[in-house]
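Working notes for the structure below.
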Amino acid sequence: MTLDLAVELAPNRPGRLRLRHPVLVAAGGAGYGNELIEAVAEQKPAAIITRSVTREARTGNRPPRMAGLPDALLSSVGLQNPGLEAVLHRQAPRWAASDVPIIVSICADNADDISAMARTLDMRPDASGLELNLACPDRGRHGEPIGHDVAAAETATVAARAVTDLPLIVKLIAGAPDVRIIARAVAAAGADAISAIGPVPALALDRDRAGARLGTAYGGLSGPTIKPIGLRVVYEIAQVVRIPIVGIGGVACLDDVLDYLAVGATAVGIATAALGDPLLPGRLGEELAAWCEAHGVSDTRELTGRALPRRKDRGSLRMGPFGR
Amino acid sequence: MTLDLAVELAPNRPGRLRLRHPVLVAAGGAGYGNELIEAVAEQKPAAIITRSVTREARTGNRPPRMAGLPDALLSSVGLQNPGLEAVLHRQAPRWAASDVPIIVSICADNADDISAMARTLDMRPDASGLELNLACPDRGRHGEPIGHDVAAAETATVAARAVTDLPLIVKLIAGAPDVRIIARAVAAAGADAISAIGPVPALALDRDRAGARLGTAYGGLSGPTIKPIGLRVVYEIAQVVRIPIVGIGGVACLDDVLDYLAVGATAVGIATAALGDPLLPGRLGEELAAWCEAHGVSDTRELTGRALPRRKDRGSLRMGPFGR
Amino acid sequence: MTVLAAPRALRAAIATTPDPGEDVRLLETREFLPGRYLLRWAAAGIARRVRPGQFVHVMAPRTAGLLLPAVPVAGFDRAAEQITLLLSKEDGSALLALRPGDVARFDGPLGRGFEVDPRSRFLLVVTDTDGLARVRACVDEAVATSRQVALLLGARTIAEVPPSSLLPDEAEYVIATEDGSLGQRGGIAELVASYEAWADQCFVAGSDGLLRRVAKLAAGRDARMGVARLGRKRGRRPVRGASPRRRLTWLQVALPHEVGCALGVCLGCVVRGVDSQLRTCREGPAFAAPELRWELDQ
Amino acid sequence: MTVLAAPRALRAAIATTPDPGEDVRLLETREFLPGRYLLRWAAAGIARRVRPGQFVHVMAPRTAGLLLPAVPVAGFDRAAEQITLLLSKEDGSALLALRPGDVARFDGPLGRGFEVDPRSRFLLVVTDTDGLARVRACVDEAVATSRQVALLLGARTIAEVPPSSLLPDEAEYVIATEDGSLGQRGGIAELVASYEAWADQCFVAGSDGLLRRVAKLAAGRDARMGVARLGRKRGRRPVRGASPRRRLTWLQVALPHEVGCALGVCLGCVVRGVDSQLRTCREGPAFAAPELRWELDQ
Ligand SMILES: Cc1cc2nc3c(=O)[nH]c(=O)nc-3n(C[C@H](O)[C@H](O)[C@H](O)COP(=O)(O)OP(=O)(O)OC[C@H]3O[C@@H](n4cnc5c(N)ncnc54)[C@H](O)[C@@H]3O)c2cc1C
Ligand SMILES: Cc1cc2nc3c(=O)[nH]c(=O)nc-3n(C[C@H](O)[C@H](O)[C@H](O)COP(=O)(O)OP(=O)(O)OC[C@H]3O[C@@H](n4cnc5c(N)ncnc54)[C@H](O)[C@@H]3O)c2cc1C
Ligand SMILES: Cc1cc2nc3c(=O)[nH]c(=O)nc-3n(C[C@H](O)[C@H](O)[C@H](O)COP(=O)(O)O)c2cc1C
Ligand SMILES: Cc1cc2nc3c(=O)[nH]c(=O)nc-3n(C[C@H](O)[C@H](O)[C@H](O)COP(=O)(O)O)c2cc1C
Ligand code: FES
Ligand code: FES
């Protein structure tokens, strides 16, 4: 049996974003990637999505920025980054030297910035793709994230798509009232793939309960705790779009990878657990290969969507005492 | 020091919903309450909110309806209930005999049903209050829950408020894009109190990943895992309304109770952990009393809102190396 | 990590059993298959009263009370005042972190167990690796009451077949594996037919598919065996689900019950019965097959 | 509960230390205050290299790697090849479930520790119950290098004062409690003034308030003591945060570091420095007080 773990994240641009296996580092899980790339010879992640970059530099949020919760991380880094130009200047040369594809995550609340960043990246050979992060709070809409609104999400996607033919992944957030509507709009606007979910807004208190634990009060919840929410969102998206989905949220072991594939993901991203164990994404790629071999699966695409409702089941009234 | 644990959940109707202590059973945590009431002589919960009742009987969702996840419960009972009339006929006589206030949770997707149920309850002496559950999927809006939409939430609240002067708690859900807008609208529409949060939509897979673990696929996530989300929502609501808030979501020990009070809750509700340990709400009331005594707190209201941002802090630019 | 303090005994006060929770002491944890453990407990009260098919509700230790608090009693030894549980690592039970000598608190036995007819001499138990915990106690019951018992177990492959040391010598242990790596090749349900004449009663637990296949077989058995329909000759029509009626049923099944109140109030454990919804924690976990709505393809 | 398998040593390969992770064996867990534990480990490699103020990253066991993986090394004994950690129940660390003989895997020592000037003879350590774990190793360092050391500890009440058995006999242990139930009544920071002339260097960890109060005191000390500004007389202006410069600073603080990558890439551990943002995991957890932006009320 020849085992094919490779997946295409932009099937309409064949070969442009072909991953050796389906497990990658999600945004924020490995900074701009170079520390990881340079330390790892084997067990490489399938790709690295960088932490989100903005057009201008940002100093990030007021500390403390992270709190450990049971099986979860609460964080609010606030997009600290030196701006796209500086990131490319300092980091991109080393990306070019690596065989791990680097996908640059960009974030902005207006079409101008998105276009400008996408255009800049389009001219660079070192970025293998672009992730557009829709978690950005929209100043025009009282800070509600772009990803909550169909029109805003669509505009943002078009702004990027119009100026580049780099593979474009659009990252949705869990909080949209109906994520399926956003997913459909984003796919129609030209996204090559969708990733989901980002962190879930949450809060934790200081030990003495005199205030919030993070400097910004609110933070994003990530890690194992959010997996059931991420699976729900990917399961919803997978039923309404045909483009590949990168399932993200709480992945920490092979079972989690298999779960995301089963609900329709083509690839799986890891941030929080990769902070604790940077080799995890690469190792899970190997574990997945071993699992496929042991279970007679020759292509991971066979696993994608296995748990989705099949059409023939719909409307069926026949079910036994326990509902099956 | 005299210790006053009592809280008023409807301060505009003094004495109508005065609880002996702040820890109650949230909807679904004790059915219609009678099994619990009859078994417990001490360590009584401050109140019991019934599982949600609809105007007509409902058979509930296709099994399996519950799955245990790490530190969480995934469930989708689907409002199985014999309809309000039958519930009152079978259960209410025993409510009247108990000194634990019973708050009847009602659920419907249209103003007619809500009015009709509220009117029915208004004429009964056995219900101490009414909780209006906004998690109901609105058939008029592709099944999006009422609680996602300001206008729908407002209409539902008015429908109940107009026909009863029973204490009225309106239960918000975590998934609204901006829960503060809903909270303000509901308070303005006449709610005596707000409760939040309900379960978070999520999904889990079968052991063999051939399908979802629950009969309805989607379920609501509850239990310790969702506490950081619940705290965030209550913290948000508490900054925009002045009516009491019942904090719900993941409460399982005294620290959780203190956390919810600190972010602005006047009382705290428990469902999932009360399923595992029905005496928990009453016991936590006692533990809270002991804690107050040990910490020189004479009135639990001193604890409410302690962690909320103080006005004078806002806009302050002075902060040290770690943000404080 | 929030861990609940041990609650007082309450479920017991309102549940089927009038007994309070009990402090039980772990005697032994043994990994009988990779990731699957047998836990033996000193639990005098539960051992005395438990019936096959019943479960305990783990009150302490637990992780916030949520990780599968309901655990079937997989075996008992009334003389030694011991019970055994079978747990798998995936269940994530806090019990697996305990070591011999540690104490836990169980509420139980809870739920309705299997009804073994006093006249039954030959008991057939059918299960798979995951279902074993729910029916294994039938074997102990059979041995304790000097009945003959055969346990048919189906597994995917030899690596998932529990060792015969899990069963007393008196029990006949029959295995089928899907890949033929041990015992008969194929599903275990196919072997049931050859025991249906021998067995006075049959107790089954396992995958949905296994239950359905055995239920289908049992549905045709009465006709094949020329057995009178249960209860037909009695004066009053017996209440469905009543013990005497269950006792006379050839096939009883134990359904899984992992989470929920175990009190009958949360309706999380509901399954579809022939003419009403049934709560696994109260009307079950053991049911007579005809009580359940199988909607079998016939 | 998902539990990560032990990762290979990687952080070490990119972090300040060139050493791989190490398997360490638990020798003893002792509850020294209710809910607070001292854990003593056989950890030859870490014990050999660790400097006060450094931490280890717990790679296994852990609950999905998230529950406070970074733990300060609270003590060491290079001869016995042992280190100690102080953990509180609220940290929820999986290490607390281990028993003597169990093995864990630590990556470390990580981060920059305190810089003790070779010429310093008298070391002052200031802390509170929660901060103790981050500075206690300064005492071991002092004793190992035959310096004199005083540890000032502030607590709310006597019930939160760690027993003196946690410290070697050579250390002077001075206590203040807010309620006056043990030692001086009031905050511990108030006692620092009486040691500022005696001490060559001061190491502090604790609540934000304690750090601020001691930092404020230290800011005025140079003037009071007539001490030349550090480094002023040298030819080249030393780089802020460079070891030689830190070594010459009277006050150094160890900031808490609980979660994050410990690799320098996540920016979750950032604190505000005087002229840049500083990462606690790389530029810290020990800092010279003047490196941090205190914005003290003066
Ligand atoms: C329903 C909902 C309610 C919310 N309510 C509040 C609230 O009441 N108060 C509040 O402060 N926050 C609120 N938020 C935001 C929430 O707190 C953040 O999602 C969370 O803090 C994550 O932290 P972070 O994004 O700052 O941190 P990071 O770890 O930096 O996360 C990176 C993300 O931050 C986004 N981002 C943050 N700020 C900016 C910015 N200025 N420009 C561009 N991108 C940005 C990026 O898209 C990126 O995905 C809410 C979010 C939602 C979805
Ligand atoms: C953002 C979002 C996306 C969702 N996407 C989907 C989706 O794609 N597919 C899907 O099936 N579900 C979806 N849901 C609903 C979600 O699955 C449920 O909230 C969850 O299943 C809880 O289960 P339950 O309400 O059925 O169970 P229960 O345990 O019975 O919970 C009780 C709640 O159910 C509500 N309820 C359920 N059905 C009705 C009804 N017909 N009439 C009145 N009240 C009712 C009640 O308000 C009550 O609060 C979504 C919800 C949200 C907020
Ligand atoms: C420290 C940290 C930083 C993150 N930074 C970003 C970011 O810059 N852009 C982004 O889109 N997502 C960011 N994320 C979100 C992750 O990519 C991911 O969507 C989320 O954390 C859920 O996955 P996880 O559970 O594997 O962490 C960040 C997450 C963490 C924990
Ligand atoms: C089994 C179960 C049934 C529930 N039924 C209802 C219900 O009928 N109406 C309602 O408003 N909330 C219902 N809830 C939601 C709870 O009241 C509560 O909002 C949610 O579970 C979060 O709290 P918890 O973490 O304490 O469970 C139910 C929850 C559970 C677990
Ligand atoms: S488990 Fe709650 S009704 Fe059965
Ligand atoms: S912990 Fe990640 S940068 Fe310091």
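Predicted model, so just to flag it, every value in this text is computed and none were measured. In what follows, chains are A, B, ... by sequence order, proteins preceding strands, each numbered from 1.
Residues P70(A) and T225(A) approach most closely at O-OG1, 3.6 Å, considering heavy atoms. Considering all non-hydrogen atoms of both residues, L79(B) and R58(B) come closest at O-CB, 3.5 Å.
For chain A, no part of L261(B) is nearby; none of its heavy atoms comes within less than 4.5 Å. Contacts between L74(A) and chain B at a heavy-atom distance below 4.5 Å are absent for every atom of the residue. Of the two parts of I229(B), the backbone and the side chain both hold a non-hydrogen atom closer than 4.5 Å to a non-hydrogen atom of chain A.
The candidate with the highest count of non-hydrogen atom pairs below 4.5 Å against chain B, out of A210(A), A204(A), G230(A), A217(A), is A210(A). Heavy-atom pairs under 4.5 Å with chain B peak, among L231(A), L221(A), D259(A), at D259(A).
Here D255(A) pairs with R209(B) in a salt bridge; the nearest charged N to carboxylate O distance falls below 4.0 Å.
When each of V240(B), V241(B), V233(B), L172(B) is checked for a side-chain contact (heavy atoms from CB on, under 4.5 Å) with R180(B), only V240(B) meets the rule.
To the nearest 0.5 Å, atom NZ of residue K227(A) and atom CG of residue D71(A) are 11.0 Å apart.
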